[in-house]
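These notes concern the structure reproduced below.
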Amino acid sequence: MKSGRTARNAGIYERRKAERAGRRAEWVCTLWLRLCGYRILATRFRCPVGEIDIIAQKGNLIAAVEVKNRRNIDDALNALRPKQQQRIARALSTFATRIGHHGDLRFDIIAISNGWRLKHLKNAWML
């Protein structure tokens, strides 16, 4: 019984560690986007149809930015699945409707590795 608790505690520890790393990666990406001239409209936006890590605006364009933190950039770029893309698209549509935005919408991925190396893939997919 004691070993079961230890294994469960190890799993909780790993999830918390991953959560902290993910939040740190989102923070780094938010700073990067600001340096690139974007205005951050929302972070960790959630609604019943989905969630978006970062919503940023540049001019008349609103971008839903999915942050993927992995050991290497290639793994991060390949981590987004079609079902997740659909949830992000629905969430962005909901967000745009709420604020009355009728301009361009875009889906981006920022892949981050080693806590600071990042690659911003603009218009990563279309729906």
Side-chain angles (χ1 to χ4, degrees):
M1 186 144 212
K2 190 173 184 178
S3 64
R5 285 184 183 170
T6 303
R8 184 176 57 202
N9 289 343
I12 291 169
Y13 173 77
E14 289 301 318
R15 283 192 299 276
R16 286 182 182 160
K17 184 177 171 184
E19 175 72 18
R20 280 193 305 272
R23 285 184 187 264
R24 188 172 36 254
E26 289 173 6
W27 179 78
V28 168
C29 292
T30 299
L31 290 177
W32 167 256
L33 289 166
R34 285 184 176 146
L35 288 171
C36 292
Y38 289 86
R39 187 170 70 120
I40 305 304
L41 301 179
T43 56
R44 305 189 124 223
F45 173 76
R46 292 180 184 201
C47 64
V49 295
E51 66 180 72
I52 302 171
D53 293 335
I54 302 169
I55 301 175
Q57 182 174 16
K58 193 172 194 178
N60 197 32
L61 168 78
I62 291 182
V65 181
E66 180 67 14
V67 177
K68 290 297 183 184
N69 184 27
R70 298 291 187 274
R71 287 186 189 263
N72 67 60
I73 295 289
D74 290 333
D75 287 348
L77 289 173
N78 294 316
L80 194 63
R81 302 287 173 235
K83 234 180 175 172
Q84 189 176 10
Q85 292 173 354
Q86 292 169 352
R87 284 194 304 268
I88 293 168
R90 288 192 305 266
L92 182 58
S93 178
T94 298
F95 181 85
T97 300
R98 283 184 187 175
I99 66 167
H101 180 75
H102 299 290
D104 296 328
L105 300 175
R106 187 176 76 197
F107 304 100
D108 295 359
I109 297 174
I110 297 182
I112 187 165
S113 66
N114 298 325
W116 60 272
R117 282 192 59 219
L118 61 86
K119 181 172 184 172
H120 185 179
L121 185 59
K122 298 175 183 174
N123 208 23
W125 78 88
M126 305 280 287
L127 290 178

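Taken together through direct or relayed side-chain contacts under 4.5 Å among Ile, Leu, Val, Met, Phe, Trp and Tyr, Trp27 and Val65 form part of one hydrophobic cluster. No continuous path of ILVMFWY side-chain contacts below 4.5 Å connects Ile110 to Leu61, so the two sit in separate hydrophobic clusters.
Every residue two or more places apart in sequence or in another chain that forms a side chain to side chain donor-acceptor pair (under 3.5 Å) with Arg44 is listed here: Glu19, Glu26. Remark: His120 pairs with Asp108 by the side chain to side chain donor-acceptor pair (under 3.5 Å) rule, at least two apart or across chains.
Using a distance-only test at 3.5 Å, with no hydrogens or angles considered, a donor-acceptor pair links the side chain of Asp53 to the main chain of Val67. When atom types are taken as modelled, the side chain of Lys58 and the backbone of Cys36 share a donor-acceptor pair closer than 3.5 angstrom. Side-chain atoms of Ser93 do not come within 3.5 Å of backbone N or O of Ala89 as any donor-acceptor pair.
In this structure, CZ in Phe45 is found 8.5 Å from CG in Leu92, a value given to the nearest 0.5 Å. Note: Ile62 CD1 to Arg39 CZ = 8.5 Å, rounded to the nearest 0.5 Å. Taken from CG in Leu80 to CD1 in Ile109, the straight-line distance is 4.5 Å, to the nearest 0.5 Å. Taking CD of Glu66 as the reference point, atom CD of Glu51 lies at 7.5 Å (rounded to 0.5 Å). For the atom pair CZ (Phe95) and CD1 (Ile88), the distance works out to 14.5 Å, reported to the nearest 0.5 Å. A distance of 9.0 Å separates CG in Asn114 from CG in Asn72, rounded to the nearest 0.5 Å.
Asn60 places none of its side-chain heavy atoms less than 4.5 Å from the side chain of His102.
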